[in-house]
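Convention: sequence-line order gives letters A, B, ...; per-chain numbering from 1. Model, not experiment: these values are computed from the prediction.
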Amino acid sequence: MQRIGVFVCHCGTNIAATVDVKAVAEALGHEPGVVISQDYQYMCSESGQELVKNAIKEQKLTGVVICSCSPRMHENTFRKAAASAGLNPYLVEIANIREQCSWIHKDIATATEKAIILGRTAVAKVHLNTPLNSMESPVVKRALVIGGGIAGIQTALDIAEAGFDVDIVEKQPTIGGKMAQIDKTFPTLDCAACILTPKMVEASQNERITIHSFSEVADVKGFVGNFTVKIKKKARFVDETKCTGCGLCTEKCPMKKVPNEFNMGLDNRSAIYIPFAQAVPKVATIDPNYCMMLKTGKCGVCSKVCSAGAIDYKQQDTFIEQQYGAIVVATGFNPINLDKYDEFAYNQCPDVVTSLELERLMNAAGPNGGTLLRPSDKTHPHTIVFVQCVGSRCDDEKGKPYCSKICCMYTAKHAMLIREKYPDTEVYVFYIDVRTPGKNFDEFYRRAVEQYNVHYIKGMVGKVTPKSDGKIDVQASDLLANEQLHINADMVVLAAAIEPDKTARPLATMLTTQMDTNDFFTEAHPKLRPVESATAGIFLSGACQGPKDIPETVAQASAAAAKAIGLLCKNSITCNPCVAHSDELMCNGCSSCEKVCPYGAITYIDKEFRMPDRTTKVRRVASVNPAVCQGCGACTVACPSGAMDLSGFSNSQIMAEVDAICK
Amino acid sequence: MNKNLKEQVLRSSGVNVLKCMRCGKCSATCPSYDEMEYHPHQFVYMVEKGDIETLMKSESIYKCLTCFACVERCPRGVEPAKVVEAVRLAAVRQQGGNHLEPTDIPALLDEDLPQQAIVTAMRKYAK
Amino acid sequence: MQEAMIKRAKELLADGSVDRVIGWKRGEFTYDITPAVFTSAEEIDSDFVCDDFTAANVSKYLVKETQKEGKVLAFLKPCDTYSFNQLVKEHRIDREKVYVIGIEGGPKLDIEKIKAKGITGILSVKNEDYTLRIETIYGTQTMPFYEAVLDKCASCKSKKHVVFDELIGEDGDVLDSNRFEMVEKLENMTSQERFDFWRDQLSKCIRCNACRNVCPACTCENCVFDNPKSGIDNKAPADSFEENMFHIIRAFHVAGRCTDCGECSRVCPQHIPLHLLNRKFIKDINELYGEYQAGADTTSRAPLTDYTKDDCEPSVVHERGVE
Amino acid sequence: MQVKENFEPVIVAFCCNWCSYAGADLSGTNRLNYPTNVKIIRVPCSCRVNPMFILRAFQKGADGVIICGCHPGDCHYTSGNYFTRRRITLLYSMLDFLGIERNRTRLEWVSAAEGAKFAATMQQFTEDVKALGPNRRLEDLRCRKQ
């Protein structure tokens, strides 16, 4: 026989002002099985909880209904209270008579009537509640970092520092990411490689860090604490364990006309290549799109010159499967494609470059050895025009609606470096707004203007026209002077908007994490949980979550690491016990449930059944892994026989609620 | 500021001037810039302020080629050319009467006249 | 054809390829045919029959038969092969345990249509060049063959066998049938007319469960309508609601899985056009989610366990035709 | 159809825990009124709603049933509402085919941030059901209230 206690909260006047709480308590006291029905000022307060606890003990309650605010507010509070009084926490139900009643209705009579129905519904449900016990699920003490840029490297280093194993999966042949391509960093102007490469080396030498370069995440299964990830190691046709990185093969390779992606295609590399001198791992990779041996079967030079015998033309993609407790996403960004911006002549004129290309043009390891020369004729540019917000802050389908955040600062940096190195060069920056919030940022920008005499012009470039004499006509407006300008430039630099890496979207699907319309990962809470995704155990690091500069990226990377470490420190995590379960006697083994399960929590086993005639029969039946199931209930409806049901939201419980509402 | 005129211009242009972020790309791209007293970005801003009458009196409304370069290039989708046209229309309506009737056109045609110019002329000089 | 089938069945039994044969045998009357399992050549010789009345779909019986030891020979008409495939897909039939011989399909005959002509005391029915020669205790009668064809055969969707180990006779093609005509007609009625139509039909239901029991998609170990814990169990249509509910839930449970074999309507003693409910689902699925034929293969995802991100919203129902 | 004076329909709303139930809470927090006729049942995901529940509601005296879930693409369980969309579309289409009034059933996507949409949706749905009058075509006479 059920002994149910009903507790009606006044919530001060929040409920009591529009709901006659005494009448509710009185009415619910007459519901079947209810042995005690009380009202109280603040049920969630210490003394209110005490009231509930005492009643559980004194009245030997088998179920509790709290008529109060939304279960999203205090369901856990009351579950804990019940547990401390010795009642299974899942024998508590909340009737939401504040958000869904007193706050939205004004008439006391109808609001009270509705509150009674809501209470009655909760009583009807609690009659069918069963004690549920949370399972403990172990945490695998290993983290996966997806992306080996500065964000991924920093996160991996921090996690390794805390004593946990970390794997980095990087799709390029080397880690380092965008920062490796950058020449100098703002606002200190120190060399990016000088601060990045030691970290890359540190990562490669840390025995807790495993780097899977030239690899991709192929599949993710499981859940917080216990993800199973399939990693595809793409064939690089070079045995990583044998290659010494001597680089002889790259010198001897006869195919040298491959656009060098590390230098943004501004020069060429060989078909077998090491992206840059400080690459980690320093291992050669063969580009199958250009390698003559792989394409035609004729060549084999690299194999002949390799004394380590590392070349393997027959290498295949391989897959490794590994368990992880936490996953950190650090997939980073790319500049957008500028094909649609005809007005800037990016595709027509080699001397119109993006800012990232300019980084390479100015870098000592770049195509010109650090001397700034025009890509077209290798002459010194004397007039350079920078265009801000190319594709950022756009309300059209060509660009991005957001501010890319980093362009103002790197443009100031570029302008300053050029004026420093080549004082005879005139530098114009066309800006809409100069946005420099950040420590020492505005000072930096002012230095560019005041000390280096960079011409900042408020206005936008409307048209860039390459001329026959090799010069470039830049037509722009100077809004403050109210005039239209024509600048006879040698080079134009476009501050292209940045966007999340294209691999992020399919990855989000695999990870079951959410993204915004711009394909940036969505954080669990924009203010209070900025480095966690809404999916437990998945953390966000760096520009995959939104545009960020290096200091911010590193800060977020360490924050994500801290969150991951917090998870990995636990030996086990408590699972939600409201999961699906299948009645084997009724299950047909038809696989409908398995097909709709987003977590792969359902498997099939052949089970022996004893028949009434004493024979045995083997049937295929579904089996739910309660640690993997998240309790959505999709399977319960897919199941035609009704064998599949959901604890906490069972068919009979929901139907009892329906009945109570419609009574 | 003339509220009614502003309303009329906003309605007839269908443009939301508040979307403008003042980048000036419209004026940067405008081929008639030097001919104009008020430039495309100023049109947008002045309409926002409600300063329509000044624009109506300006020659600028007839200098716009309606080439739509500003519409094409505007990163915010503001469509300045439509604002210019709406102001011009307001001026034409106020003056009353057509400056160009469709029946006038055949006499004006010559071989070199691009068809677009005729359409533009209708836009500019007819109600 | 019957001779060829009997010959093959006996051969396969004799060489031990199969242990049992599933086919049909005659009941009390010549047209009273039921599916039957044969285990010996003698049984086959005396009882096995395949004629114009062997319309019953034997696929469903293979669920139980394949749970037993040994291999079964099944003679499947084209429509039956769809049901068979669907059951294989749902792991209800162990494909390894069945040897499928595809046989030519109908059109099969509906004895009720013959009786409706006032012909009684029937002893035998023979098809002589598409004229039925019916021997009765009152003498011989005739009627055109096509006037006695089963409704399900009249709107046949396919003469193609989607699965078989061997064929007796020819394989056919998927047909361009008119099977959605009646559904369309109902869709074009007003809501009230549709309601009246179905009230008229479903109120005839006596809850004999024949439709469920014959349905090859209804092979649940324990049907929700028999399970007191399901909350919707009931045994008799005590109220019009229960008539509605039984048929809605039954149709919904087989939605995306029903191959449109038409057995439900064939066996309904009250002649309720139950197949229209299934066809409505099939028509909706085809129109909203792309053409899908349950049982056409054993691997594709069923429409209700699948989705696309740009599926239509349920408002299509509200926006459609007549209210 | 004869509509009773002051007919107050019984409306059952199934709301998914993560979006729509939170949206309903938000309309409460913002004090956005909607009719008392609407009573909410919390389910983990809209895909938990079995057609049996909907029929059960009509049987026991509901005049309208509405299901609310996360917007497609935003499901907490990633795919639940996509299955809901197919199932419920087909079910509603079948009810329509049987001559049950279309406006008695609805499926809406309401996010946790759409308190105003929740209130407006419930307001509109209640009005639509009121206009239809009591559920007669899919009722169980044994359950009819006198």
Please rank [options] by heavy-atom pairs under 4.5 Å with chain D and give me the top one.
| options | result |
| --- | --- |
| C:Asp310, C:Thr308, C:Val224 | C:Thr308 |
| C:Leu202, C:Ile232, C:Val316 | C:Ile232 |
| C:Glu313, C:Met245, C:His247 | C:Glu313 |

Is [X] in contact with chain D via its backbone, its side chain, both, or neither, using a 4.5 Å heavy-atom distance?
| X | result |
| --- | --- |
| C:Asp311 | both |
| C:Val183 | both |
| C:Ser230 | backbone |
| C:Glu193 | neither |
| C:Asp306 | both |
| C:Leu304 | both |
| C:Leu277 | both |

Look at [X] together with [Y] and state whether they make a salt bridge at an N to O cut-off of under 4.0 Å.
| X | Y | value |
| --- | --- | --- |
| C:Arg207 | C:Glu243 | no |
| C:Asp151 | C:Arg266 | no |
| C:Glu187 | C:Lys283 | yes |

Are C:Phe241 and D:Phe58, when compared by the centres of their aromatic rings, separated by less than 6.0 Å?
no
Considering only heavy atoms, which portion of D:Glu139 lies under 4.5 Å from any heavy atom of chain C: side chain, backbone, both, or neither?
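Contact with chain C involves the backbone of D:Glu139 alone.
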For the residue pair C:Phe281 and C:Phe252, does the interplanar ring angle fall in the parallel (under 30°), tilted (30 to 60°) or perpendicular (over 60°) class?
perpendicular
Distance to the ring centre below 6.0 angstrom and angle to the axis at most 45 degrees; does that hold for C:Arg250 and C:Phe225?
no
So, is the end of the C:Lys157 side chain (NZ or CZ) under 6.0 Å from the ring centre of C:Tyr82 and within 45° of the ring's axis?
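Yes - C:Lys157 lies over the ring of C:Tyr82, closer than 6.0 Å to its centre and within 45° of its axis.
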Compute whether any side-chain donor of one residue and acceptor of the other, for D:Asn135 and D:Arg137, lie under 3.5 angstrom apart.
no
